[in-house]
Every structure is written in structure tokens, then in C-alpha cells.
Amino acid sequence: MPYLYIRVAEDENEEPMEIPSEDDGTVLLSSVAAQFPGACGLRYRNPETQCLRGVRLLEGVLYAPENDWGNLVYIVNYPKVSPTSDASEAASIYVSDNKRKMEEIDAASAVKVKRGFQKTSDLIVLGLPWKTTEQDLKDYFSTFGEVIMVQVKRDLKTGNSKGFGFVRFTDYETQIKVIAQRHLIDGRWCDCKLPNSKACPDDRKVFVGRCTEDMTAEELRQYFMQYGEVTDVFIPKPFRAFAFVTFADHQVAQALCGEDLIIKGVSVHISNAEPKHNNSRQMTEGGQSGAGGFSQGYGSNRSGANLAGMGLNPAMVGRCSAEELGGDGHAG
DNA sequence: GTTGAGCGTT
């Protein structure tokens, strides 16, 4: 509270800049980003453990560790770069603006490369006029970018349009653009959305393998915060040696995939969380903000008896891999 | 031949 400014730097060796705090002692991410464009969070070196720690970030507000910013120098976090469109564009954004080191870019890119470019997905087109044909759809959407698929859903017997269809683009940029606006097609306003029927993997969620039992959800949250805002941590119970961590930014999640990270001295492996095999609606964006995200597995009143009885079976741990079982960390 | 929020026969 008594600190009007906190010291923030790009790097532990860089000269810190003073960033203003709010009346309640928090610091707005936007205040940080005003001086460090592209910043997605803060981290700092814990003087006791010498480990890097993330600063709690919820909905754009950074909270002082232990309610006291102290006189530490905080380090800016940036999302790891993904070569979505082209590397030069990413470089121009993240390197020149943020003076990020080229090696970091390369490392992050290398991680991302195997996943390739950002995948596009089918988009549902709602509100089509009855008369609209697939050719009409193709003609219309081709003005935004290369179209690789269009469909108009019809009644099989009558052939009448059901008034909706699907479209898919080559480029993710096109998809973003198309979702962002309404579309006047053959005289009707139509919406393009991500379909909710398809079991699509949540690319903001990562699978954390080789977890040890003493890793609490809160500790995982604290750790992963250094990469970006964490919206959920889920640890299956009983202990299964893995966890799920969900980030606000899918780029952060994807950049981490494939990496081996050291948490509490233990090497954990990050990979994509496989989609859950439920066909219910996906959770609405921005709904519950994961403020209480570490509900399950946190404060754990885990039964030692059960665990002893289980006798941690590595085969079982391996088999479960990234398959998500149980809930999503959100009790109904 | 009608309808107008939604969610995809193969």
C-alpha cells in the first residue's frame, strides 16, 4: 500500500522503470503495458528460494505478493511468440518493441513450429436466407480470404436450406476477421461463430505431466503465472501425477507445449490437453473468470489411506496421458 | 408453398 510506484524491468540486468500502483496497492497490467507494450504479466525472483515467481494476475489487475510489493525489481512477461502468420511480423512486434532477445524468439518459435500455423476451424454461418447457395457463400466469403470449404445445411427430403451453413478459411487471420463482424448475405444479416457442437480442443489448456503429489494447485498457479494469466488449475483426485493448467491466452499455452519445466526441483512435461469427450456445450467465453480456479485439488484433504492403497502405478500414470477425465475443475 | 434461433446425414 505505501508504494506509489513499483520497479519494473525488461530483464534482471536492465534498468528498472517505475510503474504507478493504484490506491488499493494493486498495479494494473495496462500500466505496465503502457511502458512495456505487449506485456502480459510480471514475475520476480523470490529472495528466499532464488526461484522465479509469477505475480498474481486477475482480470488485468496485478496483486502484490504477500500484499507487499517490497522493493524488488519485477520482470516483465511477454507471451511467447508463435509463428502464426510469419516470423518477421512476430519479430517486428515482439523484438523491436520489446527488445526481446532473438534466442528467446527462436526457442519459442521452435516449440511452436511443430504445431505449425494456427489452425483454422469450421465456422457456423447463422441466419442465411433460404435461397442462399453454397456458390453464393463461396463468392461472398472469398472476398475476405481463401475459402477451403462451404456448406449450406439442407433438409434432405425437400432440399430446402435450413438457414445455416459452414465455412472454413485457409488463414487464421481471415477467420478472426470474419468472426469479428456481421455479414450481409443476400440481404440478410448473418453471424459467423465458432461452432459449439464439435468437440474442439481447448488450446488454452495444457497437460502437465510428471507432477508430484506435493504440488498444490496454488503452487502450480503461482509458477505458471510467470508465463501469462492462469485461469484454471485442475489436479485430479486421487493423485495421478498430472494436472491441467489453463491460460487466458492460447498463445501462452501453445508456446509451452513440448517443454520440460522445473517445478519445485521436479521436471514436468507440458503437452496439449486432449479434448474432453463430452458433447455438451463448451463453456462460454469470459463466463466464470476462474477466480476460484483452483477449487479442486486445492487445500486438498486428500486421504493418505487411499493413496497408500493405490500404490502409485507408473503404468497407469503413463496411460492416462493427456486424456482428460473427470470434471473440468468446475464443480457444478 | 410456411420459419428465423440455432449447431454439422453422408
Side-chain angles (χ1 to χ4, degrees), chain A residues 82 84-85 115-207 231-232 234 244 246-251 253-254 257 272-290 293 322-332:
Chain A
S82 63
T84 36
S85 47
R115 189 170 190 261
F117 297 91
Q118 179 66 259
K119 291 183 301 188
T120 61
S121 50
D122 294 355
L123 302 179
I124 187 166
V125 189
L126 268 0
L128 289 175
W130 312 117
K131 62 171 194 171
T132 298
T133 65
E134 298 188 341
Q135 187 60 51
D136 294 333
L137 274 192
K138 176 145 192 189
D139 290 345
Y140 172 79
F141 282 114
S142 292
T143 63
F144 292 87
E146 188 182 357
V147 172
I148 51 181
M149 187 278 300
V150 287
Q151 283 182 322
V152 171
K153 288 303 169 189
R154 303 177 177 279
D155 183 290
L156 281 322
K157 302 177 95 165
T158 69
N160 292 332
S161 166
K162 291 181 171 174
F164 71 93
F166 293 88
V167 62
R168 183 142 181 190
F169 296 96
T170 306
D171 298 320
Y172 191 70
E173 283 69 23
T174 310
Q175 171 169 325
I176 298 295
K177 197 165 53 182
V178 164
I179 292 177
Q181 70 182 66
R182 291 218 295 163
H183 301 273
L184 190 59
I185 303 176
D186 290 338
R188 273 186 61 91
W189 285 106
C190 303
D191 290 312
C192 292
K193 301 176 179 175
L194 289 168
N196 48 210
S197 56
K198 197 154 121 183
C200 59
D202 184 349
D203 63 359
R204 297 169 306 180
K205 179 163 23 181
V206 297
F207 174 84
T231 58
D232 193 63
F234 178 70
F244 291 99
T246 308
F247 293 93
D249 184 347
H250 70 101
Q251 288 194 19
Q254 292 309 314
C257 286
N272 271 114
E274 286 182 6
K276 288 186 293 186
H277 42 269
N278 70 8
N279 20 14
S280 64
R281 300 182 327 237
Q282 66 188 33
M283 233 176 358
T284 50
E285 205 75 15
Q288 39 274 80
S289 73
E323 182 191 4
E324 175 146 8
L325 23 91
D328 193 20
H330 305 280

TODO: In whole angstrom, give the distance that lies between atom CZ of Phe164(A) and atom P of dT3(B).
DONE: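 One finds 18 Å between P of dT3(B) and CZ of Phe164(A), rounded.
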TODO: Using whole Å, report how far CZ of Arg168(A) lies from C1' of dG8(B).
DONE: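 One finds 13 Å between C1' of dG8(B) and CZ of Arg168(A), rounded.
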Task: Glu134(A): partners by side chain to side chain contact (heavy atoms under 4.5 Å, CB included), with sequence neighbours left out - done: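 Testing Glu134(A) for side chain to side chain contact (heavy atoms under 4.5 Å, CB included), a comparison that skips the adjacent residues, returns Val150(A), Gln151(A), Val152(A).
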TODO: Can you sort out the partners of Ile176(A) under side chain to side chain contact (heavy atoms under 4.5 Å, CB included), two or more places apart, ordered by chain and number?
DONE: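 For Ile176(A), the residues satisfying side chain to side chain contact (heavy atoms under 4.5 Å, CB included) (neighbours in sequence not counted) are Tyr172(A).
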Open item on the list: Quick check: closest heavy atoms across Arg168(A) and Thr120(A), and the distance to 0.1 Å?
Closed with: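 The answer is NH2-O, 2.6 Å.
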Exam field: side chain [X] to backbone [Y], donor-acceptor pair closer than 3.5 Å:
X	Y	result
Thr143(A)	Tyr140(A)	yes
Asp171(A)	Glu173(A)	no
Asp139(A)	Asp136(A)	no
His183(A)	Val178(A)	yes

Identify, residue by residue, the members of [range] with a heavy atom below 4.0 Å from DNA chain B, and return them in order of residue number, or none.
range	answer
residues 174-183 of chain A	none
residues 145-157 of chain A	Gln151(A), Lys153(A), Leu156(A)
residues 123-142 of chain A	Ile124(A), Leu126(A), Gly127(A), Leu128(A), Pro129(A), Trp130(A)

Open item on the list: Would you call the rings of Phe164(A) and Phe166(A) parallel, tilted or perpendicular, taking 30° and 60° as the class edges?
Closed with: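 Geometry flag for Phe166(A) against Phe164(A): perpendicular rings.
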Open item on the list: Within the 4.5 Å heavy-atom criterion, are Lys153(A) and Leu128(A) side-chain neighbours or not?
Closed with: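 They are not in side-chain contact.
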TODO: Enumerate the residue pairs fulfilling side chain to side chain donor-acceptor pair (under 3.5 Å) with a member in residues 185-195 of chain A, sequence neighbours excluded, ordered by first and then second residue.
DONE: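 Every pair satisfying side chain to side chain donor-acceptor pair (under 3.5 Å) with a residue in residues 185-195 of chain A: Thr132(A)-Asp186(A).
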Open item on the list: Closest approach to the side chain of Lys162(A), judged atom by atom: which nucleotide of dG8(B), dG4(B), dT9(B) is it?
Closed with: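 Comparing dG8(B), dG4(B), dT9(B) against the side chain of Lys162(A), the answer is dT9(B).
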